[in-house]
Amino acid sequence: MPSHNLAYIKIDELEIIGYSVAAEETVVAMPQLDVCFDIGKAPNQVIPINNILLTHGHMDHAAGIAYYLSHRNFCGQSPGTILAPENLLGPIREVIDAWSRLDGNRIPANLVGVKAGDEYQIKPNLFARVFPTKHSKGSVGYSVIEKRKKIKPEYARLTGPQIVELKKQGVEIDYPLEIPIVTYLGDTQFVDFSQLKYIVESKILIAECTFYEGEHAGRAEAGRHMHISEFAELIEKLQNEHVIITHTTQRTPMREIRRILKEALPPEKYDRIILLMDKRWK
Ligand SMILES: [Zn+2]
Ligand SMILES: [Zn+2]
């Protein structure tokens, strides 16, 4: 039986499972990509996933780290990999060491410090690219990008032997192609992410939009989160086929959030929206 009742979304062959409520807990996993964005708690559904991509150190996003690592060890799995902003590696190590002493068992971990612009290989053709966000010191977001080689159009009609011959001659017959599959913003206030082409073109965008009511604009500003007015501006500039909203406040009922979203977004954008926390019990 699963330890947590998580939201479940399926887009083509990709599953997204998670839970995300502002200040309470955020964990968003994509098992087929072998990544879990943030780990506020450690539901047992995410334990087998090998890569945790941490955006920042707030408790509601990071408290599950030690349990995740320890439980993998307990189940005989390889040490989990935690990607985290490099300024957080020291404190993360201290937390893991403290838990090792408390628990009486050493907790193995593969910790990788990242900064904006870095890339980390998840699978032979799959990479996590790191970009900066505006939330806390060193906070980052991640895009998961598939890299393929595509044959140049002028060689597309050649036969197998002809291609082999050209390769022998050292002719470059293909070119690198990047397919951004998903971008996860984590917690952030408005940033013009349309400056980054791989974010604009990500098939799936997982974005925080914490606050909706007019009187909550100040709260968004103070906590460095997005308010619907900024989110609408951001989405306008992006081309993502699917937009999953996370980190919704508990101050506004889900039905009201949906109503405000419908009012704030043009229909062609609203149609692409999935509210993560509306997808529970399915
Ligand atoms: Zn948060
Ligand atoms: Zn935060």
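Read the numbers this way: they start at 1 and go in the same order the structure lists the ligands and their atoms. Because the structure is predicted, anything quoted here is derived from the model rather than measured.
- Centroid-to-centroid, the aromatic rings of H225 and H216 stay 6.0 Å apart or farther.
- Around the CD atom of Q32, the shell of radius 6.0 Å holds more than 12 heavy atoms that belong to other residues, nucleotides or ligands.
- Legend: protein N/O/S atoms lying under 2.8 Å from the Zn ion (ligand 1), waters omitted, number 4.
- Looking only at distances, no side-chain donor or acceptor of E230 sits under 3.5 Å from a matching main-chain atom of E233.
- Within a 6.0 Å sphere centred on CD of E172, heavy atoms belonging to other residues, nucleotides or ligands number 12 at most.
- The aromatic rings of Y184 and F37 sit parallel to each other, their planes meeting at less than 30°, with 60° as the upper class boundary.
- Annotation: cation-pi geometry not satisfied between R129 and Y142 (NZ/CZ under 6.0 angstrom from ring centroid, within 45° of ring axis).
- Atom NE2 is the N/O/S atom of H135 found closest to the Zn ion (ligand 2).
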